[in-house]
Structure formats: C-alpha cells, structure tokens
Amino acid sequence: QVQLVESGGGLAQPGGSLRLTCAASETIFSFASMGWFRQAPGKEREFVGAISRSGANLYYADSVKGRFTISRDNAKNMVYLQMDSLKPEDTAVYYCAADLRGWSTRVGDMDHWGKGTLVTVSS
C-alpha cells in the first residue's frame, strides 16, 4: 500500500500564494525523503524541492529558491509546498514523489509518484 495524493492546486495571480499538500501512505512516509517536481506543458519534468526524512535538510531548485518552502509533518504523514511570489513561469502540474532509497533530485530516482495537481499562475 503506497500512495501519494496531491491537493491544493488551482489558479493564482502573479505575486500570489498557494499551498500544496501531499498526503502519503503512513507505511512509507517516515522512511522516505520527499520531493516536489513539476512539469509544464511541452517541457520535461523538473525538480522543485526536496526534504529529508526528518525534515532537517532542505534543497531547492534555483528557480524557486527564496519563494517556495517545503515542510513535512510526519505525525500527519504529509508534506507541503508553500509557494509565494508566484510567477506565470510556475504554471505546471506539480507532483509529489517519495524516495525510499536515499536522497535525490532526479526524476528517475523517485520510487513513487502522485498523480499531480495543476497550478496555474495567470492574471
């Protein structure tokens, strides 16, 4: 039983904020580093940010550093992506992913994926 479910996507104006939530299976959540990725239409899926198992270590792509914040609540089996100062370039389907084997920012290294939630930034 492994599943990841994203929520919180929607429409935001440039400069606005949005918070994404990923609900993960309790059977794996505490063992996994968690990552957020995104894929815009016609583009490859790219790394957004990651958080270690304990939440002590964070890593962000340069494109979102200073604007996005990842956090996790292991008691609730959830990971969050707080997105501030949104730009039209942030428009994409955002995916939650779990890495059970280590620490990675690579799409191919993720063990499980959610179905994604669409974020649209437009005026």
Side-chain angles (χ1 to χ4, degrees):
Q1 183 176 328
V2 178
Q3 57 183 2
L4 305 172
V5 181
E6 304 95 335
S7 62
L11 177 65
Q13 296 186 1
S17 298
L18 211 59
R19 189 181 77 164
L20 305 184
T21 296
C22 175
S25 302
E26 69 278 5
T27 55
I28 67 166
F29 187 76
S30 63
F31 300 99
S33 296
M34 303 295 295
W36 285 98
F37 296 77
R38 67 186 182 186
Q39 186 167 20
K43 297 183 178 180
E44 296 182 359
R45 190 169 300 185
E46 65 176 1
F47 171 75
V48 174
I51 186 167
S52 64
R53 294 170 178 81
S54 68
N57 299 312
L58 304 172
Y59 185 72
Y60 300 95
D62 289 339
S63 60
V64 305
K65 191 175 299 183
R67 298 189 298 117
F68 291 9
T69 304
I70 294 176
S71 62
R72 68 189 294 166
D73 187 339
N74 289 353
K76 296 181 178 180
N77 302 317
M78 292 185 179
V79 61
Y80 308 95
L81 181 65
Q82 177 67 44
M83 303 182 293
D84 298 317
S85 301
L86 284 165
K87 303 176 180 179
E89 304 91 89
D90 295 319
T91 296
V93 175
Y94 283 71
Y95 298 90
C96 177
D99 182 1
L100 297 174
R101 296 170 288 177
W103 176 262
S104 180
T105 61
R106 303 176 186 273
V107 170
D109 288 339
M110 300 297 106
D111 296 293
H112 302 285
W113 293 89
K115 296 296 183 181
T117 184
L118 177 63
V119 171
T120 301
V121 183
S122 176
S123 60

Between Val93 and Thr117, is any pair of side-chain heavy atoms under 4.5 Å apart? no
Treating Ile, Leu, Val, Met, Phe, Trp and Tyr as nodes and any side-chain heavy-atom pair under 4.5 angstrom as an edge, say whether Leu20 and Met110 lie in one connected cluster. no
Please name the pair of heavy atoms, one in Ser85 and one in Ser17, separated by the smallest distance, quoted to 0.1 Å. N-OG, 4.4 Å
Could you tell me whether the side chain of Val64 reaches within less than 4.5 Å of the side chain of Met83, counting heavy atoms only? no
Output for pair (Leu100 CG, Met34 CE), nearest 0.5 Å, gives 9.0 Å
How long is the gap from CE on Met78 to CZ on Arg72, to the nearest 0.5 Å? 13.0 Å
About how many Å separate OG of Ser71 and CD of Gln82, when rounded to the nearest 0.5 Å? 8.0 Å
Is a donor on one side and an acceptor on the other found under 3.5 Å between the side chain of Ser52 and the backbone of Asn57? yes
Going by side-chain hydrogen bond (donor to acceptor under 3.5 Å, both in side chains), name the residues that satisfy it together with Asn77, two or more places apart in sequence or in a different chain. none
Does any pair with a residue in residues 96-106 pass side-chain hydrogen bond (donor to acceptor under 3.5 Å, both in side chains), and if so which ones, sequence neighbours excluded? Arg101-Asp111, Ser104-Asp109
Assess Arg45 against Tyr95: is NZ or CZ under 6.0 Å from the centre of the six-membered ring, and within 45 degrees of the ring's axis? yes
What residues, two or more places apart in sequence or in another chain, satisfy side-chain hydrogen bond (donor to acceptor under 3.5 Å, both in side chains) together with Ser30? none
Is there a continuous path of hydrophobic side-chain contacts, each under 4.5 Å between heavy atoms, that joins Ile70 to Leu86? yes
When you measure from the side chain of Glu6 to the backbone of Thr21, do you find a donor-acceptor pair of N or O atoms at a distance under 3.5 Å? no
Thr91 side chain to Val121 backbone, donor-acceptor under 3.5 Å: yes
With Lys65 via salt bridge (charged side-chain N to carboxylate O under 4.0 Å, His left out) - residues at least two apart: Asp62
All pairs passing ring-ring contact (aromatic ring centres under 6.0 Å, His included) where residues 35-91 contributes a residue, at least two apart: Phe37-Phe47, Phe37-Trp113, Phe47-Tyr59
To the nearest 0.5 Å, what is the distance between CG on Leu11 and CG on Leu18? 9.0 Å
Does a side-chain heavy-atom distance below 4.5 Å link Ser122 with Gln13? no
For Ala98 against Ala32, the heavy-atom pair lying closest together: CB-CB, 4.1 Å
Return the set of residues passing side-chain hydrogen bond (donor to acceptor under 3.5 Å, both in side chains) with Asp90 (not counting sequence neighbours), or none when no residue passes. Arg38, Arg67
Do Cys96 and Val79 come close enough that some side-chain heavy atom pair is under 4.5 Å? yes
